Structures are given as C-alpha cells and as structure tokens.
Amino acid sequence: MTIQWATAAALVTAGVVVYNVASLVRHVRAAKRIGLPYVILPMLETEIIAQLLTPILRKLYTDQLSDGTGWPRWCRFMIKDWSWEDRRRAHDEYGEVFLVVSPQGIICYSADAAMGWDVMNRRYDFTKPRDKYKGSTYRFHLRMTAPSFADGTGVNDLVWQETARQTRLLMGNWAAKKHTKGLVEDVGAVTLGVISRAGFGKRVESVHEQSQDVPDGYEISFLTGLEIIARHILAILVFPNWFLDLTPWSHASSAKRQLEKYLRAMIRRENGSRPLETVEEGELGSQANLLDAIVEAAREDAKRQAKGDAKDRKKGFTEDEVMGNLFIYLLAGYETTANSIYYGLLALAAWPEVQTKVIEEIDRVYEEAAAEGRSALTYRDDFPKLEYTFGFMYEVFRLYPSVVLITKMCQKPQNIQIRDDKTNTVRTHTLPAECRVYLSAPGVHYHPRYWEEPAELKPERWLTDQYSHRGDDEVHRGKHVAAADKTRQMRGTLLTFSDGGRACLGRKFAQAEYMALFATLLRRYRVKFANGVDVKQAKIDLSNKCGGTLTLSPLPGFRLELELREEVAVTSG
Ligand code: HEM
C-alpha cells in the first residue's frame with residue numbers, strides 16, 4: 001500500500017516536472033521569436049509561492065538592500081516591489097524593455113515611456129490581467145462612475161473641506177493629548193474619515209471615533225468596519241468569506257458583511273425598504289459624495305432604460321454594481337493615499353529645506369486668503385495657488401509610486417515599437433497572446449532621460465517656468481498649465497496614476513486630500529525625525545527599502561515627530 005502511494009506521488013511529481021519543463025521550453029521559444037533580451041526564471045513574481053517567499057527573502061537580504069545594491073540576481077524578479085528597490089539596475093543590465101520567461105509564462109517589463117504610453121492608450125489590445133469588465137462593459141461602468149469624480153460634482157471640494165476638518169480634529173486631539181494612536185496611525189485614520197464622508201456621505205466626528213454609536217441591527221460601527229477591512233484588505237481580496245471564517249481573520253469577513261449591510265442600507269436610503277431603481281430625483285440632496293453621484297447616475301440610467309434610449313447595454317446599473325464600485329473606491333483609494341501621505345511626511349523630515357519652502361508658500365496663501373476675508377483655504381480658490389506644494393506632492397508620487405507596476409496583458413498577439421537609441425531606429429516586436437506587459441514606474445521615474453537628477457526630490461521641476469520633465473512630447477515644455485492638469489502632458493513619463501482608458505479615477509480626489517492635509521498640518525507643525533534617530537541611516541532606509549504590503553509602503557519603524565513650529569507635540573513609532 002505504502003509503495004503504491006509512493007509510486008503515485010513519484011508519478012505526480014514527475015508529471016509536474018515534465019509539464020513545467022515543457023512549458024518553459026515553449027515559452028523560451030516564444031521569447032526568442034519576440035526578439036527582445038530575456039532572462040529565464042523558475043517562477044514569476046505573480047506566483048503565490050513567490051509572494052509567500054518575499055518577506056523571508058526581504059529579511060534575508062536586508063543588509064544588501066540597506067547599502068543600496070538592490071536584490072541579488074537569482075531572486076530579483078520574484079520579489080514583490082523588486083522594481084522599486086532595484087530601481088533601474090535590471091533595465092541598465094538588460095535594456096529598457098526585456099522579458100522574464102518562466103514555466104508560468106512571459107512578462108515583458110518596460111521602462112520605455114513611449115512604449116508605456118502606447119500600451120496604456122491601446123485599451124482593447126492591452127487589458128488588465130484579471131479584469132472583471134470586458135470591452136463595452138467597462139465603457140459603460142466608466143460612463144456611470146467617472147463623472148462622480150469630476151470637479152463639477154463638488155466632490156473634490158468636499159474632499160478638501162473634510163480633510164481640513166479631520167486634520168483640525170486630529171490637531172485638537174494632539175493638543176488635548178487624547179484619542180491619539182501615534183502620528184502615522186492618526187494620519188491614516190484621517191484618510192478613512194475622508195473616504196467615509198466624501199465617498200459614502202458618512203461624517204465621522206473623531207479620527208478614531210471612540211464615541212460613535214452602533215445602530216440597531218449592526219455589530220460594529222461603519223468606521224470600525226472600514227478600518228478592519230482596510231487593515232486586512234489582502235486577505236479579503238485573496239480568500240472567500242467562507243474560508244476567512246475558518247481562520248484567525250474571521251473578524252475581517254464579518255466586517256466585510258457588516259460594511260455591505262451599511263452600504264446597501266445607504267444605497268436604499270430608507271432603511272433597506274426601497275431598491276435603488278425607485279429613488280426619485282432630488283431625494284438625494286446635494287452632498288456631492290461619490291455614493292450620491294453614482295446613485296444619481298444609476299437613476300438616470302434606469303430612466304433611459306425605461307425610455308429605451310440606452311445605448312451601451314440592455315441591463316441597467318444595479319444595486320450590486322453600485323456596491324461593487326463602492327468597494328473598488330475603498331480598495332483603490334485608501335491604502336494608496338494613506339501610504340503616499342506617509343511617504344510625504346517622511347520626505348518632509350528627510351528634506352527639511354523643501355519643508356521650509358512648502359511652509360512659506362502655505363503661510364503666504366493663508367495670508368492672501370485672510371486678505372480676502374477667508375480664515376480657511378478652499379479647493380477652488382487655493383489649490384491652484386499652492387504650486388510649490390503641488391510640486392512637492394508630485395515629487396513624492398514620482399519617487400514613491402504606490403502602484404509600482406502598471407500591469408497589462410495581450411489578449412491576442414500585439415505589436416510594440418521600441419526605439420533603439422544607439423542606432424536611432426524603431427524596431428517592431430510581436431508579443432504573443434497572454435504575454436503580460438508590466439510598465440515599471442520606478443524604471444521610468446528614475447530614468448535620467450526623462451527626469452534630470454531623478455533621485456532628487458525637486459518640487460521646482462513642477463513649477464511652470466522651470467518645468468524640467470523631458471518626456472517625448474517636448475511641445476508642451478514650459479507652457480503654462482493649471483497645476484491639477486500638469487500630468488496630462490507627461491506621455492508615459494509619470495505612471496503613478498496610470499493613463500489612458502484605465503487610469504486612476506480618483507487622482508483629483510487624492511490630490512485634493514493630500515494638499516488639504518499638508519496645508520492644514522504644516523500651518524501649525526513642522527515634521528522631523530524623532531530625537532535619537534540616525535537621520536543619515538533613516539534617509540538611506542527610506543530610499544533603499546520598502547515595507548512590501550499591497551501597495552508600496554515605507555519600511556515599518558521610522559520615528560517621526562511633530563514640532564509645534566516651536567515645541568514638540570506628538571510622536572510616532
Ligand atoms: C495617491 C493615491 C492614488 C494612487 C497613486 C492611485 C493609483 C492608481 C493606479 C495606478 C490605477 C490603475 C491601476 C491599474 O491599472 O492596475 C488606479 C485606478 C483606480 N483608482 Fe486610484 N490611486 C490613488 C487614489 C485613488 C482614490 C482616492 C480613489 C477613489 C476614491 C481611486 C480610485 C481608483 C479607481 C476607481 C481606479 C480604476 C480601477 C479600474 O480601472 O477598475 N484612486 N489608481
């Protein structure tokens with residue numbers, strides 16, 4: 001019996017090995033036909049085993065990462081966020097565009113801005129690898145959801161207003177030394193408070209909301225639900241609810257169910273009594289939050305369906321789809337923004353001279369507002385005036401892009417064109433079906449061809465008259481553009497929010513939040529590394545290592561301190 005089992009196990013193992021070797025041979029042949037440089041690897045970074053190995057390898061190679069040598073060759077492409085820690089080493093070695101070949105398939109990594117621009121804008125040729133929307137379905141979703149984020153809805157004004165309010169609440173807590181969990185956690189909580197209000201119309205009265213009540217029929221508060229989900233987002237994304245229920249993360253799946261219940265009730269408005277399609281015009285008020293805007297769009301769509309003049313598809317925008325979108329906003333918008341803000345705090349501490357200039361600009365804009373009789377800054381009036389602060393924010397977005405790889409996939413064989421600088425010729429390569437194309441944000445953002453002194457944080461490069469980005473579209477260089485729209489002309493040299501048909505919908509939302517938070521915070525405080533921190537080492541760690549969570553995050557353990565522009569106020573770490 002035992003021998004039979006052993007034989008069966010040996011046969012299965014041999015089968016798996018043979019299958020993998022055959023797949024590898026097939027993919028290597030395909031790579032040769034493509035004609036780009038290639039590297040052979042036992043597994044891709046997308047494999048679950050590679051993801052499980054990542055924290056172990058990260059620990060093992062921490063010293064090597066500290067001295068800025070990046071990942072060793074043997075495991076380089078298997079590590080999540082390798083492309084940020086590695087910067088451009090792999091591209092300098094293999095070329096701006098190269099292939100990684102493994103038994104599971106081929107990934108084409110690109111740090112070529114022109115190619116990236118082309119790929120992002122050929123939305124039907126290069127799709128998202130695991131896309132739940134197909135073709136016209138996404139067009140329909142975009143038509144329903146994108147307008148909610150536009151400046152015209154007032155949502156970004158609300159984001160600004162709510163961020164400033166939450167930050168003031170936080171500063172009040174710090175002054176009174178209550179309800180505080182440390183700088184980073186407190187600032188993270190502001191982000192949740194903002195998404196809660198501007199995303200779902202739920203106003204949170206304290207950043208940690210100790211005092212909030214739990215309505216009848218619920219087990220936890222709305223904010224607690226958001227908090228738990230945000231903390232366990234990876235587990236929630238990877239595993240189904242029934243599985244989570246059997247694990248130590250069962251509270252994450254019950255938080256998800258609770259949040260769904262809240263959202264459904266919010267969508268129905270009348271305590272769950274009426275489905276979305278029956279809500280009347282004008283009933284939603286003008287709170288300008290995303291939920292209202294999306295419900296309004298769904299109502300309009302239902303009307304068009306009834307009249308029979310809807311073009312995109314027969315079925316209307318259902319309650320489940322609205323729910324799905326709200327979850328996407330939460331997933332796409334929380335961690336990205338919270339981590340970018342955390343990087344912003346660290347960058348202020350690491351570049352104190354930049355912080356001084358940001359503070360000077362913020363003070364000047366406050367003074368101008370006071371001269372106009374306003375005590376608070378607003379999105380419409382003051383965001384465009386904060387040009388240096390905008391430059392600082394975009395430098396943080398460039399140096400520490402939350403999403404390090406923009407991932408695409410060829411559904412069918414696709415041609416790409418790559419310029420060879422040495423011969424000044426353009427060559428066409430054909431990528432086979434199912435080949436993944438990963439556009440590397442660090443590969444582009446740290447490229448001296450596109451950014452002068454790329455590793456330096458220089459907000460000046462974003463100022464209109466000294467605008468120094470050197471993309472392929474030189475036409476716009478030096479031309480005056482409104483701060484918020486500057487990224488439109490980047491043509492593949494800034495990948496932080498992606499571009500084309502699947503670009504980030506929440507870009508302006510995130511910008512408004514970022515600027516309002518720093519404008520409010522820095523009016524009263526300066527950020528610095530805590531006393532006793534080895535600042536030189538902290539700066540090395542900041543630029544060489546990352547935390548490796550869902551989106552790019554700083555290494556844990558940085559200790560920051562806020563100075564009341566005179567005295568020390570609050571610490572983190
Ligand atoms: C600094 C903050 C943010 C960064 C760096 C960021 C970055 C990105 C990127 C790179 C994508 C494209 C992802 C891909 O192609 O795989 C994306 C998509 C998206 N983002 Fe953001 N984002 C941020 C904030 C937000 C916020 C605050 C919201 C909403 C409140 C949001 C909503 C979305 C949505 C709805 C999508 C589209 C998802 C899809 O195409 O299915 N993002 N974001």
Side-chain angles (χ1 to χ4, degrees), residues 46 84 116 119-121 123 126-134 137-150 153 155-156 158-160 162-163 188 190-200 226 230 237 288-291 293-294 321-322 324-344 393-409 436-442 444-445 487 490 492 494-518 550-553:
T46 45
W84 187 80
V119 166
M120 288 185 292
N121 284 283
R123 127 166 51 142
F126 297 96
T127 57
K128 283 201 175 189
R130 271 187 296 263
D131 199 358
K132 64 180 185 133
Y133 303 119
K134 302 272 172 258
T137 318
Y138 186 71
R139 214 171 49 232
F140 172 76
H141 266 260
L142 200 64
R143 186 162 63 70
M144 300 302 291
T145 54
S148 331
F149 289 94
T153 62
V155 75
N156 299 319
L158 181 64
V159 170
W160 179 285
E162 184 61 16
T163 309
V190 167
T191 314
L192 273 187
V194 174
I195 197 110
S196 174
R197 172 79 171 100
F200 312 119
L226 280 184
L237 283 181
N289 60 68
L290 293 177
L291 171 72
I294 205 173
E321 285 175 313
V322 174
N325 274 285
L326 292 174
F327 261 98
I328 289 175
Y329 295 162
L330 183 62
L331 302 188
Y334 169 67
E335 203 184 276
T336 43
T337 316
N339 282 337
S340 295
I341 289 173
Y342 185 15
Y343 268 119
M393 169 176 72
Y394 263 91
E395 280 297 87
V396 176
F397 288 164
R398 181 179 68 82
L399 292 172
Y400 314 102
S402 290
V403 181
V404 292
L405 295 167
I406 305 296
T407 58
K408 304 281 179 189
M409 185 176 215
R436 290 170 180 238
V437 180
Y438 283 12
L439 310 175
S440 165
V444 171
H445 296 179
T487 56
M490 309 301 285
L494 189 90
L495 298 179
T496 306
F497 293 100
S498 186
D499 215 304
R502 299 307 290 264
C504 176
L505 291 178
R507 182 170 63 100
K508 288 192 174 180
F509 187 117
Q511 285 178 183
E513 180 169 348
Y514 206 97
M515 298 272 276
L517 187 139
F518 281 104
L550 193 59
T551 58
L552 187 73
S553 64

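These numbers come from a predicted model, not from an experiment. Counting starts at 1 for both ligands and their atoms, following the listed order.
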What part of Thr496, side chain from CB on, backbone N/CA/C/O, both or neither, has a heavy atom under 4.0 Å from ligand 1? both
With no hydrogens and no angle check, just 3.5 Å: does a side-chain donor-acceptor pair link Glu335 and Thr551? yes
Out of all atoms in ligand 1, which are within 4.0 Å of some heavy atom of Val403? Include the element for each. 10 (C)
Leu505: numbered ligand 1 atoms lying under 4.0 Å from its heavy atoms: 19 (C), 20 (N), 33 (C), 34 (C), 35 (C), 36 (C)
Look only at the side chain of Trp84 and the backbone of Leu399, and say whether a donor-acceptor pair between them is shorter than 3.5 Å. yes
Any idea which of Phe397, Tyr400, Phe149, Phe497 brings a heavy atom closest to atom 3 (C) of ligand 1? Phe497
Mode of Cys504 contact toward ligand 1 - side chain, backbone, both, neither (heavy atoms, under 4.0 Å): both
Per-atom filter on ligand 1: closer than 4.0 angstrom to a heavy atom of Ser340 are 1 (C)
Measuring from the heavy atoms of Gly199, does anything fall under 4.0 Å of ligand 1? no
Mark yes or no for whether Ser498, through its side chain, and Ala503, through its backbone, hold a donor-acceptor pair below 3.5 Å. no
Logged contact type for Glu513 with ligand 1, heavy-atom cut-off 4.0 Å, is neither
Using heavy-atom distances only, which candidate in Glu335, Arg502, Met120 approaches atom 41 (O) of ligand 1 most closely? Arg502
Flag side-chain contact, heavy atom, 4.5 Å: Asn339 against Tyr400: no
On the 0 to 90° scale, with breaks at 30° and 60°, tag the Phe397-Phe497 ring pair as parallel, tilted or perpendicular. perpendicular
If we count only N and O atoms by modelled type, under 3.5 Å, do the side chains of Thr191 and Thr337 hold a donor and an acceptor together? no
Do Leu439 and Leu405 make a side-chain contact, defined as non-hydrogen atoms from C-beta onward lying under 4.5 Å apart? no
contact_flag Ile195 ligand 1 heavy-atom lt 4.0 Å: yes
Using atom types as modelled and distance alone, determine if a side-chain donor or acceptor of Asp499 lies under 3.5 Å from a backbone N or O of Gly492. no
Report yes if some N/O of Thr337 lies less than 3.5 Å from some N/O of ligand 1; otherwise report no. no
